Amino acid sequence: MHHFQYKNGQLHAEDIAVADLVYEYGTPLYIYSATTLKRHYKAFDSAFDGIDHLTCYSVKANSNLSFLKILAQEGAGTDIVSGGELFRALRAGVDPKKIVYSGVGKKTVEIQEALFADILMFNVESVQELERINDVAGGVDKVARVSLRINPDVDPKTHPYVSTGLKENKFGLSRADALKAYALAQSLPNVEPIGMDCHIGSQLTQLSPFMEALEKLKEFHGQLVQMGIKIKYMDLGGGLGITYNEEAPPHPEELGKALIESLKGLDVTLILEPGRVIAGNTGILVTEVQYTKTNEDKTFVIVDAAMNDLVRPSLYGSYHRIASVREGNGEEMTADVVGPICESGDFLAKNRTFPKVAQGDLLAAFSAGAYGFVMSSQYNSRARAAEIMVEGDKHVLVRKREVYNDLVALEEDGLACIGRLKK
Ligand SMILES: *Cc1c(COP(=O)(O)O)cnc(C)c1O
């Protein structure tokens, strides 16, 4: 359920006509719905009301400060994967006691920053990382709370690039290695193992992989109890999928019921790290048709949004529903929707049938709230799009459109650089 609907033949973001926002801010333009965001968070979080739990929104799905502020106000914690995401979460007012820090490559300075912020815990992915966290914590006279990320070797049945819980993936520790790592953690003075963690993948559309992973974690939990390790937190990661096209992922309510049932009798706080399911359908990317052309028997709609703005179709072959901002009159066309970038992989949609559009018309790519703007780049020296947050009939520009100066602002001026190389 989201708040991008047609009224009087015009696509609206909540109560504002998308075309009006484009008139003011231009294209390409990301538009988010605050009401949808809050609703998705509440629907997810309340699905676990029957059990001690903490919902840690995965910042990487959409890290705009407005997202983080809205979610922090709703009481959400965050799952971060870098020092930059810690900075954003703190800036947005997220309670540090609700921050968990995941990721395979934490640098010393990032560990220090997280220790100074006094976050809830580190999700540790290797023995060397555990040793580094212990050293860094010792250096600043702190004890770091840690979970070890266990790779349960479960097939999430999703795209290979976003599968993370198979034994060939780079994430986490095998169960055998994790046991040894817990023993090591117990013996180290500056880390305290308080949790277990896993995250098996993204855009999961079935319940069974979650349940399979939880079964393996529970079994492992039993072994830890025997070792005298008291686990307070069971972190099952994120990964619940959304509907882009015809997928029918389980509703959070269903996941909640099943997990609560499975965790009965276990004295742990459940942590969840949802990203896509919270953010995905809160946003659209609006783009203007520049040209249409037909080569042989193929029609192309060339728009001003490209793979630098929304890379998911190019990277994963992902589907985003494409619709015309002005409701069609029934006439349809079948075309590839492509951007201006000099790569044949630059497309938003292939062989798609949608209401006929012409030069100057606006198209919207739906479900662009997660892994959309955050994955954008300046490739082909394209300034990044603006982002708007809408609530009811109000809107705020939450990130300005970049300008040409932003493209070169951090670069050494060409001539000065050449002058210095000569010396
Ligand atoms: C990406 C990621 C998430 C969020 O995944 P979604 O599929 O967006 O819910 C959660 N936890 C970790 C460790 C991640 O890497």
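Ligands are counted one by one from 1 in listed order, and the atoms in each one are counted from 1 as well. The chain is numbered in sequence order, starting from 1. What you see is a predicted model; the values in this text were computed from it and never measured.
At a 3.5 angstrom cut-off on N or O pairs, Gly239 counts as close to ligand 1.
Remark: ligand 1 atoms within the under-4.0 Å shell around heavy atoms of Gly275 are 6 (P), 8 (O), 9 (O). Applying the 4.0 Å criterion to heavy atoms of Ser102 picks out, from ligand 1, the atoms 13 (C). The Asp79 neighbourhood of ligand 1 comprises atoms 10 (C), 11 (N), 12 (C), 13 (C), with distances under 4.0 Å to a heavy atom of that residue.
Heavy-atom neighbours of Lys218 NZ from other residues, nucleotides or ligands within 6.0 Å: above the threshold of 12. Annotation: Asn245, atom CG; neighbour count of heavy atoms from other residues, nucleotides and ligands within 6.0 Å is above 12.
Annotation: cation-pi geometry not satisfied between Arg276 and Tyr244 (NZ/CZ under 6.0 angstrom from ring centroid, within 45° of ring axis). Judged by the 6.0 Å and 45° rule, Arg312 forms no cation-pi pair with Tyr371.
Of the heavy atoms in Arg149, only side-chain atoms (C-beta onward) come closer than 4.0 Å to ligand 1. Counting heavy atoms closer than 4.0 Å to ligand 1, residue Pro274 contributes backbone atoms (N, CA, C, O) but none from C-beta onward. When non-hydrogen atoms are compared, ligand 1 lies under 4.0 Å from the backbone of Arg276 as well as from its side chain.
Using 4.0 Å as the threshold, Tyr371 has a heavy atom nearer than that to some atom of ligand 1.
For the residues Ala61, Gly103, Ser58, Ser202, the heavy atom positioned nearest atom 3 (C) of ligand 1 is part of Ser58.
The protein non-hydrogen atom at the shortest distance from atom 13 (C) of ligand 1 is Glu273 OE1, 3.4 Å.
For residues 113-148, the pairs satisfying ring-ring contact (aromatic ring centres under 6.0 Å, His included) are Tyr101-Phe122, with sequence neighbours left out.
Between Tyr32 and Tyr30, the two ring planes are parallel [angle under 30°; tilted spans 30° to 60°]. Note: Phe220 and Tyr182 have tilted aromatic rings, judged against thresholds of 30 and 60 degrees for the angle between ring planes.
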